[in-house]
Each structure stands twice: as structure tokens, then as C-alpha cells.
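Throughout, residue positions are numbered sequentially from 1 according to the sequence presented. Not measured: the values here are computed from a predicted model.
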Amino acid sequence: MKKRLKEGQKATGAEIVCEALLREGTDIIFGYPGGAIMPVYDALLKYPQLHHILVRHEQGAAHAAEGFARVTGKPGVCLVTSGPGATNLVTGLADAMMDSVPIVCISGQVISSLIGNDAFQETDVVGVTAMVTKHNYLVIKPEEIAETIKEAFHLARTGRPGPVMIDIAKDAQQGITSFSYSKEITLPGYRPTITGNPKQVKRAAEIINKSLKPFILAGHGILISHAEKELAALAEKSHIPVATTLHGISSIPRDHRCYVGMLGMHGNLSPNKCTNEADVIIALGMRFDDRVTGKISGYARRAKVIHIDIDPAELNKNVPAEVPIVGDVKHVLQQLNPLISKADHKDWFVRFKEYDKLEFEKVIKNEVYPKTGQIKMGEVIRRLSEETKGQAIVVADVGQNQMFAARYYDFKVADSFITSGGLGTMGFALPAGAGAKIGRPNQEVWVITGDGGFQMKIQEMATIFQENINLKIAILNNNYLGMVRQWQHLFFDKKYSEVFLRNPNFIKLSEGFGIPAEKVDKRNNILPAIKRARKHKGPYLIEFVVETEANVFPMMPAGAAVDEIRLE
């Protein structure tokens, strides 16, 4: 084991990379080696404190780093080579950028004298990644490495979190310099606002205290800032309904008396309908994504909007705010809550319950509690939720499986729902699930994926096997690209174009990767299979053969207003 570097000690740039990562609290790296990053991989042998996870594709490294970051709060770290190694990260960087996930990615670059000459495996990484990162760097001197890594971690984890890319020339990795690592960092022009403007906070409290139909919309910012207690305190003190965005799921327990459901295109009926009945909307750490708002001109027509977000660019971007407040949502709620009067909006809650009854009869009863026919996705999720008592981390892929997981798992633990929301990246769940399990090894983690998304990153089964990651994988197999088929069914006159999947034998594939698996095509075998998977020490896969042409409802059609959401 190499001794840790001391201030002023001579070291190679590659050794400084390893030392700097340790100084930033890194102990896990997801990566794939290659020529331009080889000096760092050579240095890794001297630093066993850094556990490297060998993924099978660099995009998988980025998603695994996202999963790790989402459950730990620490930046996930990726290490890849130049050219195709770095460009394979781009989708993962874009995903992390859209969903505000802190990851730090380090790529090797050709030697500095060859940069710009179309050298073998050269790509302009700074140019390629500029629009999908919070910041990026090109490092061509060994003495720049330590400071750059320090800045990168600071940027990734502070303010609105996000991905940072560092491209390091090979000769910078090989060069020798004196090691120096600053304890503090100051970046002129980068000072995220944490505390809300007191006048704006006071004004928000006055509006809330006078409201008759206030409505809290809780987003990902609640989880990022760890403001779950403050959210619950606000809701309970003034008895205000709370709905979550897709990424806000698990910021408040599903069984909390103020929780009323999920917003959005496939969210619950009541929060979508009641958005246009509320007189005040309190938006916390969310960005009014188009999947939440639907047609902007038909959104929140009666409400005064109070919008709290750490990113000033999100305020008044999509929905005009009566009271915009820049700040960390935890700190702002700590300012706001003492100013809120106690209230009881029980009549307002009755309106939500009326819509809930309608949704249960029209949708949920048949989807979650079927008695005949093919297995339904909703009942698989319900069985899993009951068996795990809502305590597991659920990592969902993209599409119908994602919506069913979001709708029907009863999340009881904060930071327990991980998915690709903004970018909608198919293939996300398998590597992200692996990263989540590595980040929180003592908590049960389930990957929920469709047959299409599973095949996009199926090679990461080899990573899961090699690391013996105790991950449980549920494929909801309907032999279709289900969400695309649903849109073709509803909006393209049932003309199915390139959505049928003639799938491989998933059980044999899984066993070929060394991971035990079983297929479930009968209703009474759902729960026994889940129990066997949970009991098994190590990774385990279940293929659930589900209804082939199921549709997810409720559904807000594209271009429709939130109160035009349909049940069939």
C-alpha cells in the first residue's frame, strides 16, 4: 500500500489524481481502462483504499455513479479513457445534468502536443460535454491536477448539484510535480444562495396563512437538501396537501396523512385535477417540468405561486411566481415554518378524496388487485411493496415499468426511489441499481425494468456478477416497447411501428452471467418468487411475464392541461 502523499512531496500526476480523490472522501470508482488513462490505472494499484468497479460500458459507469450519488449524497466518480471512452459517458452526463446528480468524471486525453491533431482516440471532450455538464476542464500540466479535482468536487456537490468533467492529458498524468492540496476553495462568481430573502419569506407566509386551498408540490430539491422533516412540519402545521414530482417521491412517506399522490402525466388524478382548484401553490425544489404542468396556459389558473429553488434560473422560467425565493429549500423552510399559522384544511382534503375514489374504481382496483387474466405490472409492484414493507430502494428504468413502480410502491424511506426523470434514459436502472446497492450495502435494492430497457445495458450483469452485488432484478416483460406502443395505440390509431420485441431467453442469459433467475407467468407464483429472491444471498433475477398490451392510466395527453387528465 502506498503511503499517502504529504504537502510538498514529489509525485506523478496520476498519483495526485488518486490522492486527491481520497482527500475528497472517494472510496468507490466506476470505470473502464484504456490507453490515455493508463497511468492513473497503474497508480490505482498503489491505492487499495480506492475500490474500482469494472463496468462493461462507460455509460454504465456514469449511471452507476448516479445511483451511488443518489443514495449516499457523495459525488459518484467515473474513470475512463479518451475518445470513445469519454464520448460513451455523454448520455450519463446529460442524465445527471437533467436530474441534478453530483458526479465527477475523469477521462484520459492524448498527450498535450497531439491535442487538436486528430490523434488516435482523440476527441474534444471539453467541446462535446460543455452542454451536458455543470462545468468541465482540460488539464495539460501535472501541477493543475490537484486544484482542478478540488474545484470539480466543490462544484458537483454545492448549489444545484450536477456532473463535472475533467479531461487530463496523458503527459500530465505522467509528469512529476510537488503535491499541494488546499483545504479551502474560493471560486469568484460562484456563490450559491442558501438563505432566502427575509422579505420574500415573510410575504410567502402571509399568502399561505390567508389561503383556503393551499397545495405543496415537493420536488427533488427536498431530497437533495435533506428537507424531509421541514416539509412534513410545514404540511402538518397548516394541514396542507402534499404531492410529489417523480423525483420528489419518497420525500414524504406514502402513508403520511398529508400525502395526496404523484403529479404529472401518469400521476394520480387528484393532485393533477386539484392543481387548477388550488388558490396557492407552494413549489419546493422542483422546476415545473412540462410533464408536470402540461399546457402552461391551462396550469394553476387560480393559484398564487410561491416557488423556492436554489437555482435562480428555474424561477419564472416556466410558471410565473408571485413569490420567487432563491435558496436551499431546507434553509428556506426553516425560515418559513415559524411564520406559518396553524390551520385545518379538512374540507380541501375532501376534494382530493373524491377524485381518489374515482381513480381507484376506474384504474387502481383492476390494475393492482386483478383476479383473472394475465399478470398485471401494478400487482407485481404491489406484491413487492407489501413483501418489503415499503422499506426497499427501488431503481426504476424508463417507460411503463417506471410509472407503475412510481405509482404502486409504498415508499416509506427517504431517497428510496431512483430513476431517470429528465432525460428518460432507457437502460438506466441496471447500472444505477448496482451503484445504489454499493452505496447503501445494508439496504435492500430492487431494479424494476422492462424487457426493452434491460437489453440496453444487459452487459452490466457481468459487473454485478463479478462484484457479487446483492441486487434483485425484476423484468416486467410484455414483449413490447410498452410506452411507445401505448402512444401508438392512443394517438396513432393503433398502428404499431417497430415496438414488438422478440426477446431472448432472459433466464438462460442471466444464468450465463452467473446470476440465478426464474420466470413467473402465473399469478400465484409472484409472491413465492419475490420471497426466494430476497432470501438468496447475491444477485437474483425474476422475469415476470405481464399483460402484453396494458396502458398506464391516468394519462395527461401531450398538449393537454392538467385538469384534462384522462382515466381511460
Assess the side chains of His63 and Gln59: does a donor N or O sit below 3.5 Å from an acceptor N or O? yes

Mind listing the closest non-hydrogen atom pair of Val80 and Gly85 along with its distance? CG2-O, 3.7 Å

Using salt bridge (charged side-chain N to carboxylate O under 4.0 Å, His left out) as the criterion, list what pairs up with Asp289, not counting sequence neighbours. Arg287

Within this structure, what is the CD1-CD1 distance for the pair Ile310 and Ile325, rounded to the nearest 0.5 Å? 13.5 Å

Specify whether Tyr137 and His135 have parallel, tilted or perpendicular ring planes, treating 30° as the upper limit for parallel and 60° as the lower limit for perpendicular. perpendicular

Using 0.5 Å steps for rounding, measure from the CG atom of Leu44 to the CE atom of Met38. 12.5 Å

Testing Leu234, Ile282, Asp328 for side-chain contact (heavy atoms from CB on, under 4.5 Å) with Leu333, which one passes? Leu234

If I take atom CZ from residue Phe30 and atom CG from residue Leu89, how far apart are they, to the nearest 0.5 angstrom? 13.0 Å

Taking every non-hydrogen atom, the tightest pair across Ile28 and Thr26: O-CG2, 3.4 Å

Does any part of the side chain of Gln121, heavy atoms only, come nearer than 4.5 Å to the side chain of Val110, both counted from C-beta? no

Determine whether Leu476 and Thr449 make a side-chain contact, defined as any pair of heavy atoms from C-beta on separated by less than 4.5 Å. no

Say you draw a straight line from CZ of Arg254 to CZ of Phe411; how long is it, rounded to the nearest 0.5 Å? 6.0 Å

Given the rule in the side chain to side chain contact (heavy atoms under 4.5 Å, CB included) test, do Phe68 and Ile103 qualify, once you have shown the distances and angles that lead to the verdict? CA-CA 9 Å; Phe68 179 88; Ile103 63 174; over 6 Å; no

Please collect all side chain to side chain donor-acceptor pair (under 3.5 Å) contacts where either partner lies in residues 439-448, sequence neighbours excluded, each pair once. Arg440-Gln443, Glu444-Trp446, Glu444-Arg534

Is the shortest heavy-atom distance from the side chain of Gln459 to the side chain of Lys457 under 4.5 Å? yes

Arg70 side chain reached by Phe417 side chain, heavy atoms, under 4.5 Å: no

Answer yes if the side chains of Ser82 and Gln109 hold a donor-acceptor pair under 3.5 Å, and no otherwise. no

What pairs meet the salt bridge (charged side-chain N to carboxylate O under 4.0 Å, His left out) rule with one or both residues in residues 159-180, with sequence neighbours excluded? Arg160-Asp311, Arg160-Glu314

Check: Leu481 and Leu501 side chains under 4.5 Å, non-hydrogen atoms: yes

Distance (rounded to the nearest 0.5 Å) between Tyr41 OH and Leu79 CG: 4.0 Å

Would you mind reporting whether Ile53 and Ile29 have side-chain heavy atoms less than 4.5 Å apart? no

We want to know whether Glu228 and Ser251 form a side-chain donor-acceptor pair, criterion being a heavy-atom distance below 3.5 angstrom. no

Indicate yes or no: at least one non-hydrogen side-chain atom of Ile542 is less than 4.5 angstrom from one of Ile473. no

Do the side-chain N and O atoms of Thr388 and Tyr409 include a donor-acceptor pair separated by under 3.5 angstrom? yes

Enumerate the salt bridge (charged side-chain N to carboxylate O under 4.0 Å, His left out) contacts for residues 76-101, please, sequence neighbours excluded, ordered by first and then second residue. none

Who pairs with Gln334 by side-chain hydrogen bond (donor to acceptor under 3.5 Å, both in side chains), at least two apart in sequence or on another chain? Glu230

Hey, does the side chain of Ser416 reach the backbone of Ile393 with a donor-acceptor pair shorter than 3.5 angstrom? no

Any donor and acceptor pair, going by atom type alone, linking the side chain of Lys472 with main-chain N or O of Gly538 inside 3.5 Å? yes

So that I can tick it off, tell me whether Arg157 and Glu24 are bridged by a salt bridge, with the cut-off set at under 4.0 angstrom between side-chain N and carboxylate O. yes

Contacts of type ring-ring contact (aromatic ring centres under 6.0 Å, His included), residue Tyr190, not counting sequence neighbours: His154

Euclidean distance, Asp451 CG relative to Gln455 CD, rounded to 0.5 Å: 6.5 Å

State whether Glu19 and Arg23 are salt-bridged, where the test is any N-O pair (Lys NZ or Arg NE/NH1/NH2 against Asp/Glu carboxylate O) under 4.0 Å. yes

With distance as the sole criterion, is a donor-acceptor pair present between the side chains of Thr463 and Gln466 under 3.5 Å? no

Tell me whether Lys74 is salt-bridged to Asp27, with the criterion being a basic N under 4.0 Å from an acidic carboxylate O. yes

Applying the side-chain contact (heavy atoms from CB on, under 4.5 Å) test to Phe153, which of Leu21, Thr158, Val164 qualifies? Leu21

Side chains of Val394 and Ile418 in contact at under 4.5 Å (non-hydrogen atoms): no

